[in-house]
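Numbered from 1 within each chain, the chains take letters A, B, ... in sequence-line order. Just so it is clear, the structure is predicted and the values come from calculations on it, not from any experiment. Scope of the values below: all heavy atoms of this structure, side chains included, with no hydrogens, waters or symmetry mates.
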Number of protein chains: 2
Amino acid sequence: MTPPRLEVVTRVTLQTVADRVGVSRMTVSNAFSRPDQLSTALREKVLAAAAELGYVGPDPAARALARGTAGAIGVLMTDSLAYAFSDEVATGFLAAVAHELAPTGLSLTLLTSGERGEHVPARDVPMDGALVYSCGIDSGAVDWLTRRGLPVVFVDQVPVPGIPSVNVDDRGGARAAAQHLVDLGHRRIGIVNREHTDDPSLVAATAAGDLHVSHQRMLGWSDALDAAGLKPVLTQESPRPAEWTAGKAERPEDADARAVREMLELPDRPTAILCFSDVMAYRVVRVAEELGLRVPEDLSVVGFDDSPLARRMRPALTTVRQDVSGKGRAATAALTAAIEAAKTGHKPSRAKRVVLPTELVVRDSTAPPAG
Amino acid sequence: MTPPRLEVVTRVTLQTVADRVGVSRMTVSNAFSRPDQLSTALREKVLAAAAELGYVGPDPAARALARGTAGAIGVLMTDSLAYAFSDEVATGFLAAVAHELAPTGLSLTLLTSGERGEHVPARDVPMDGALVYSCGIDSGAVDWLTRRGLPVVFVDQVPVPGIPSVNVDDRGGARAAAQHLVDLGHRRIGIVNREHTDDPSLVAATAAGDLHVSHQRMLGWSDALDAAGLKPVLTQESPRPAEWTAGKAERPEDADARAVREMLELPDRPTAILCFSDVMAYRVVRVAEELGLRVPEDLSVVGFDDSPLARRMRPALTTVRQDVSGKGRAATAALTAAIEAAKTGHKPSRAKRVVLPTELVVRDSTAPPAG
DNA sequence: CGGTTGTTCTGTACCGCTACAGTAACGCGG
DNA sequence: CCGCGTTACTGTAGCGGTACAGAACAACCG
C-alpha cells in the first residue's frame with residue numbers, strides 16, 4: 001500500500017513538461033539544450049508549458065551525470081583559505097582565472113587541501129579539472145585529483161613530467177633584484193625569505209612542493225650575490241601559516257618582525273634587504289621605521305610580485321613584477337585545453353610548460369648605501 | 001554491429017569492483033559510504049579490490065543525482081570577480097564562509113551574476129543553496145536561484161520577507177562616525193559615498209539592491225549631521241565598476257580622486273570627510289597629501305569597515321568596525337540551517353534576520369579642526 | 001515516379017550511484 | 001525445535017537527464 005500522504009510538491013521534470021505538451025521527453029530536452037533540433041513553433045510551446053509549470057531547466061546534477069561533465073573546475077589552494085584570500089597575489093590570480101573561465105561556461109569551485117572529517121574536496125567534488133595553486137603536493141589532495149584521472153595544471157609548483165605547468169621566472173626576477181642592489185653599491189645585503197630549503201633534492205621531492213617558489217627566488221638572489229662575491233645575511237620567515245584562521249592572532253607577522261629587527265640591530269647591519277614578497281617588504285619597512293631607519297636613505301628594500309601594495313606603499317616599493325593575471329589566464333587556458341584533450345581522447349603528446357617573464361620595477365625604496 | 005574498436009579504458013565503477021569481489025554493487029557502495037552496513041572483513045576486501053582496480057570512490061556527479069544533494073553552495077557575487085577579489089572586505093567574508101563551511105563537507109562555488117553566452121551560473125551550477133552577496137538583485141541571477149527553489153541567504157542586501165538575511169548595522173555605525181566628527185567640533189563635513197540614491201522607494205526596489213549598504217550609511221551620517229544642524233558636502237563615487245576587468249585601467253579610482261580633489265579645493269573646503277569605505281578613505285588621504293593638506297591636522301578622515309588597510313595606513317584610520325568574519329559565519333550558519341530545513345521539509349516559520357553590530361574605532365586620522 | 005536528402009520528432013538505452021524493502025543466516029531463550 | 005530479533009548482504013527501482021539511432025514525412029531532383 002502506498003503511503004496515503006500526498007507528495008506536497010511533485011518535482012517538475014522533463015517528463016512533467018513533456019506530458020503536458022504531449023511530446024516526448026527528448027523533445028523537451030532538446031527545446032532547452034539543442035534548439036536547432038526542433039521547430040521554433042514547438043519549442044516555444046514547450047518553453048511556455050515549462051514556464052507555466054515552473055520548470056526552470058535541466059537539473060544540473062542530472063545533466064552532469066548524463067553528459068559526463070561537471071561544468072566546473074576546482075582550484076586547489078592552501079588549507080587556509082583565509083590566507084589565500086588575504087593575499088593580493090592569490091586573489092589577483094583567482095580573479096583572472098574566474099574572468100577567463102566565464103566565457104567557457106565553467107564555474108569555479110574552491111578546494112581546500114585539508115581533509116576535514118570524512119569529506120575530501122579533491123575526491124568528492126564534481127569537476128572537470130583542477131588548478132593546483134600554492135599548495136604543497138604533500139597534501140594527498142593532488143593524489144586524489146590525479147587518481148581520479150582529472151586534467152590538472154600546476155601553478156607555481158615544481159614542474160612534474162606529464163603535467164602541464166605555469167610558472168614565472170622567479171629566479172631571473174630575483175637575480176635582477178639582487179643585481180640592482182649590487183649595482184647601487186650595496187655590499188651588506190639581507191634576505192627575508194619564506195620558509196624554504198637549500199637542499200635541491202628536498203625541493204624536488206613531493207614533500208616540499210610549495211617551497212618551490214621561495215627556493216627559486218633564493219637561487220636567483222644567490223646568482224647575483226655570488227657573482228659579486230657577496231654573502232647575504234639570511235633571515236627565514238616562520239613556517240607557512242598552518243592553521244592561521246580568520247580572526248586569530250597573526251603569528252607569522254610577529255615572528256617575521258622580530259627576526260627582521262634582530263637583523264637590523266646587528267652591529268654590521270645590512271644596507272639593503274631582499275624580500276620574498278611585497279607584503280614582507282612592507283613589514284620590513286615598518287620595522288625599519290620603528291628603529292628610526294629611513295628608507296631608502298639608510299636601508300634599501302626590494303619586494304617581489306609588484307602587488308598593488310607596492311605602488312600604494314610609501315616609499316613606493318622597488319620590486320619584481322610578475323604578471324599575476326597572465327598567470328591566471330595561462331593556467332586557465334592550459335587547463336581548458338587539457339580538458340578538451342581528455343574529452344576527445346587525445347593524449348597531449350607533451351605537457352606544456354609555461355614560464356612567464358618577470359621584470360624589475362625600480363621605485364623609491366632603493367638607493368645607493370649611505371656613506 | 002557493435003563497433004570493433006575496443007574501449008581503451010573501460011571506466012571502473014561500483015559494478016566493476018562488485019564483480020571482482022563477487023558481491024553485489026550495493027555492498028561496494030556501502031563499503032565506501034556506509035561502513036556500518038557490512039562486516040569489517042568484507043569491507044577491507046572490497047576496499048582492497050577497489051584499490052587494485054584503481055577505483056577512487058563513488059563518482060561525485062552520480063552520487064549527487066542519486067542523493068539529491070550537490071555537496072556545494074554557491075556565492076553569488078558581482079559580475080566582476082576581479083573587484084570582489086581585490087576588496088579586502090569581500091575576501092574576508094569569503095574566507096570566513098569557506099572556513100565555516102569546511103566542517104560541513106560542503107564546498108564553495110563562485111557564481112557570477114552575469115550571463116555570459118548561454119551559460120547562467122545561477123541556473124546551471126549544481127548546488128544545495130546560495131549566498132547572495134554584494135550583487136544587485138536586478139541581475140536575473142537571484143531569480144534563477146529562487147525559481148530553482150534553492151535555499152538562499154541575503155548578505156548586505158535589502159531584506160526581503162521570507163528570505164533569511166544577514167546585515168550589519170550600517171546606519172548605526174555611520175551615525176557614530178558622523179557624531180564623532182561633530183563632537184570634535186567639525187562644521188564643514190564632506191561625504192564620499194559610493195553610487196547611491198536618496199530615494200527610499202528606489203532602494204527598496206529590486207533594481208537597486210546593491211545600493212542598500214551605501215544608502216544605509218548615508219542615512220546614518222545624515223542622522224547625526226541633521227541633528228547637529230549641518231549640511232554635508234556631497235561627493236558621489238562613480239557608478240559601480242561594471243566591466244572593470246583585471247589589468248584594465250582603473251576608472252573608478254581616477255574619477256573618485258578627481259571628485260575629491262574638487263571638493264578639497266573649494267574655497268570653503270570641508271575640515272573632515274566621511275567615507276563609504278576604508279579604501280575610499282585611503283584615496284582621500286592620498287589626495288589630501290598631494291594637495292599639501294595634513295591628516296588629521298588640516299583634514300580629518302573617517303573610513304568604514306575597519307579592513308586591514310585601516311590599521312596599515314598612516315595615519316592609522318579612524319573607521320567603523322564591522323565584523324566581516326562574523327558576517328560570513330552568520331551567513332553560512334543561516335544557509336546551512338535553511339538547507340537542513342529544506343531537506344526535512346520543514347518550512348522555517350519565519351526567516352531569520354541577523355543584524356551585526358558596528359563599532360566606531362578612533363585612530364589617528366581624526367582630530368579637532370584647526371583654528 | 002523512385003530515390004535521395006533533409007527536417008522533425010521519438011524510443012531506448014544508458015550515466016553511476018543510492019534508498020529501501022526484502023531475504024538469508026545466525027544466535028538464543030523457552 | 002520454534003519463534004523472533006539481529007546482522008549481513010542483495011535486488012529493484014529509481015534520480016533526471018542526454019546520446020544516438022531510427023521513423024515519419026515533406027521536399028527536391030533527374
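Side-chain N or O atoms of A:Thr336 include one that pairs as donor or acceptor with a backbone N or O of A:Ala333 at under 3.5 Å. Side chain of A:Arg63 to main chain of B:Asp124: no donor-acceptor pair is present (N/O by atom type, distance under 3.5 Å, no hydrogens or angles).
Taking each heavy atom of B:Arg329 and B:Ala96 in turn, the nearest pair found is N-CB, 4.3 Å. Heavy-atom minimum distance, B:Pro121 versus B:Met127: O-CE, 4.2 Å.
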Spell out protein contact along nucleotides 8-21 of chain C as letters: B when the base is contacted, S when just the sugar-phosphate is, - when no protein heavy atom is under 4.0 Å; keep the 5' to 3' order.
-> SBBB-B-BBBBBB-
With 3.5 Å as the limit, what N/O pairs link the protein to nucleotides 21-26 of chain D?
none

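In this structure the side chain of B:Pro35 reaches within 4.5 angstrom of the side chain of B:Arg43, judged on heavy atoms. Taking 4.5 Å as the limit, some side-chain heavy atom of B:Leu335 sits within range of a side-chain heavy atom of B:Pro151. By the 4.5 Å heavy-atom criterion applied to side chains, A:Thr16 and A:Tyr55 are not counted as neighbours.
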